[in-house]
Amino acid sequence: MILGGGSGGYAAALRGAQLGLDVALIEKNKLGGTCLHNGCIPTKALLHAGEIADQAREADQFGVLTSFEGIDIKAVHKYKDDVISGLYKGLQGLVASRKVTYIEGEGRLSSPTSVDVNGQRVEGRHVLLATGSVPKSLPGLEIDGNRIISSDHALTLDRVPESAIILGGGVIGVEFASAWKSFGTDVTIIEGLKHLVPVEDENSSKLLERAFRKRGIKFNLGTFFQSAEYTDNGVKVTLADGKTFEAEVLLVAIGRGPVSAGLGYEEQGVAMDRGYVLVDEYMRTNVPTVSAVGDLVPTLQLAHVGFAEGILVAERLAGLKTVPIDYDGVPRVTYCHPEVASVGITEAKAKEIYGADKVVALKYNLAGNGKSKILKTAGEIKLVQVKDGAVVGVHMVGDRMGEQVGEAQLIYNWEALPAEVAQLIHAHPTQNEALGEAHLALAGKPLHSHD
């Protein structure tokens, strides 16, 4: 029995059914969860619409005569919703074809081997908790859905705001900042830590900050939020140092918290911490018949991570040999303009683990890459290597870098040496070639790069 039909839950259902398990999938809202309906897919649709708007504005740089007339937000939402609808129908068909018992309703864990839903008790030999997450706020900061909004509200906003303050400079914050700026919004990001996308390598953060300044996206770093109040025309935000900002809307993008309250987890003895369900490397809770995956557990809050965790649980329950997930080896992409993509560990983390004298870092500027010049994108690929050993981090900034993270993932997870990657022939002219050039340089035979 799977409680939650998001990325982790439905992946477990499909793989479990494929392996001959009798699967019940319980979902109170829509199959596909946050990723499909309120996260990955709709935000990337908005970002692509923003990219088209920027291309229309800047087409003369490429000798193309066009004009930008503005954003029809209703049409943008129709485009976004059509993408979601097509994927949603496909997913419903997949679940039905695998003969998964799909139950629509709000489930609650009623024993270590049962879930109550729609007034009935569903029993089985194992329960997988996959109830996901929702946008978080701060004490005293009430989200009203109009002037102070969450990412859920931002995805259905019936207008392009003239100005916006975004509280939080992580993935969600910078993606909305990027899309709204492309739509014409005057954007200011408030981030309490010292950099945007603070979990990324510091070099990537600095490159993104430089690009955002160039785009006219404003940000205030290193000072935490204190309060927000309504004004005649919007919202006024005050920081801990007394500095104030005003805008039409305030988007609260400080992260997402687990959905676990009132679902019976603690009553059945499941170990918890701040709302998260605690699991081991095989996604097992302290209760032998209960596992948990996705945003509900304190691992990376990424759809593809939940997906992999769900598959791991299904295969374990079917008796297959499973391997724990190396979370450092999971590709991470922030789909703003320019994109930030990475896999492996940061230079700072590598120095902490191996020692500063054992770590080598190399930066390859996309200015030396022909396809990037054609696309008029700037950025870098940074490699982090253990001296005389494998590449343990790949950090990329630039348009379409998310499409290059697949090879970077293989380089990290296969513990590739720079000389081994340097032997591979990369197609020309591609941005993918930049990864090859960076490894050529790290292997001591740079071609299109220099110090």
Side-chain angles (χ1 to χ4, degrees), residues 1-13 15-16 21-35 37-39 100-137 139 150 152 255-303 305-317 322 324-325 327:
M1 293 168 300
I2 301 167
L3 191 54
S7 300
Y10 86 70
R15 184 63 176 136
L21 302 179
D22 184 13
V23 180
L25 179 61
I26 300 159
E27 169 57 51
K28 70 176 182 179
N29 199 346
K30 288 184 176 180
L31 185 63
T34 295
C35 171
H37 300 284
N38 300 98
V100 171
T101 301
Y102 184 69
I103 303 169
E104 191 171 315
E106 185 165 359
R108 188 177 189 279
L109 189 65
S110 50
S111 83
T113 54
S114 68
V115 173
D116 287 355
V117 56
N118 300 335
Q120 296 182 322
R121 179 156 294 182
V122 185
E123 301 208 32
R125 73 178 176 96
H126 203 90
V127 181
L128 174 59
L129 309 177
T131 43
S133 63
V134 289
K136 289 195 298 189
S137 189
S150 71
D152 288 352
R256 298 179 64 86
V259 175
S260 58
L263 296 180
Y265 300 169
E266 288 176 299
E267 290 90 326
Q268 300 308 321
V270 176
M272 312 275 289
D273 179 32
R274 293 169 297 131
Y276 289 100
V277 172
L278 299 179
V279 292
D280 67 7
E281 60 196 10
Y282 294 98
M283 316 316 295
R284 297 176 297 202
T285 73
N286 62 311
V287 178
T289 54
V290 179
S291 297
V293 298
D295 288 1
L296 181 63
V297 303
T299 56
L300 292 172
Q301 287 189 331
L302 298 169
V305 166
F307 195 83
E309 291 171 344
I311 292 170
L312 187 155
V313 171
E315 292 183 347
R316 173 168 59 79
L317 294 178
T322 55
I325 295 166
Y327 291 98

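None of these values were measured; they are calculated from a predicted model. The figures here come from the full heavy-atom set of this structure, side chains too, leaving out hydrogens, waters and symmetry mates.
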| query | Say you draw a straight line from CD of E309 to CG of L296; how long is it, rounded to the nearest 0.5 Å? | reply | 10.0 Å
| remark: Minimal heavy-atom distance between V122 and A24, with the atoms involved, is CG1-CB, 4.5 Å
| query | Do the non-hydrogen side-chain atoms of V279 and S291 ever get within less than 4.5 Å of each other? | reply | no
| Of the non-hydrogen atoms in K136 and G257, which two are nearest, and what is the gap between them? | CG-N, 3.1 Å
| said: Would you compute the distance between atom CG of L317 and atom NE2 of H126 and round it to the nearest 0.5 angstrom? | reply: 4.5 Å
| For Q301 against R256, the heavy-atom pair lying closest together | NE2-O, 3.2 Å
| query | Step by step, would you call V287 with Q268 a side chain to side chain contact (heavy atoms under 4.5 Å, CB included)? | reply | CA-CA 8 Å; V287 178; Q268 300 308 321; 5.9 Å; no
| request: Could you tell me the separation between the OG1 atom of T322 and the OH atom of Y282, rounded to the nearest 0.5 Å? | output: 5.5 Å
| query | Is the shortest heavy-atom distance from the side chain of V277 to the side chain of P258 under 4.5 Å? | reply | no
| query | Any chance CG of N286 has more than 12 other-residue heavy atoms, nucleotides or ligands included, within less than 6.0 Å? | reply | yes
| field | Stepwise side chain to side chain contact (heavy atoms under 4.5 Å, CB included) check, N29 with E27 | value | CA-CA 6 Å; N29 199 346; E27 169 57 51; 3.4 Å; yes
| Does a sphere of radius 6.0 Å around CD in E315 hold more than 12 heavy atoms from other residues, nucleotides or ligands, not counting ones at 6.0 Å or beyond? | yes
| field | Interatomic distance, M1 atom CE to I26 atom CD1 [nearest 0.5 angstrom] | value | 7.0 Å
| Minimal non-hydrogen separation, V127 against S114, with atom names | CG2-N, 4.0 Å
| message | Checking side-chain polar atoms at under 3.5 Å, does Y265 have a donor or acceptor matched by the opposite partner on T131? | response | yes
| Minimal non-hydrogen separation, H37 against L31, with atom names | NE2-O, 2.8 Å
| said: Can you tell me how far apart CD (E281) and CG (L312) are? Round to the nearest 0.5 Å. | reply: 9.5 Å
| request: Give the C-alpha distance, both sets of side-chain angles, the deciding distance and a yes or no for side chain to side chain contact (heavy atoms under 4.5 Å, CB included) between I103 and V115. | output: CA-CA 11 Å; I103 303 169; V115 173; over 6 Å; no
| said: Is there a side-chain contact between E106 and L263 in this structure, where contact means two heavy atoms from C-beta onward sitting under 4.5 Å apart? | reply: yes
| query | Given side chains that start at C-beta, do those of V100 and I2 come closer than 4.5 Å, heavy atoms only? | reply | no
| message | Rounded to the nearest 0.5 Å, what separates atom CG in L278 from atom CG in D273? | response | 5.5 Å
| field | Heavy-atom closest contact (C35 atom, A303 atom, distance) | value | SG-CB, 3.7 Å
| message | Is there a side chain to side chain contact (heavy atoms under 4.5 Å, CB included) between T34 and D295? Walk through the geometry before answering. | response | CA-CA 10 Å; T34 295; D295 288 1; 5.6 Å; no
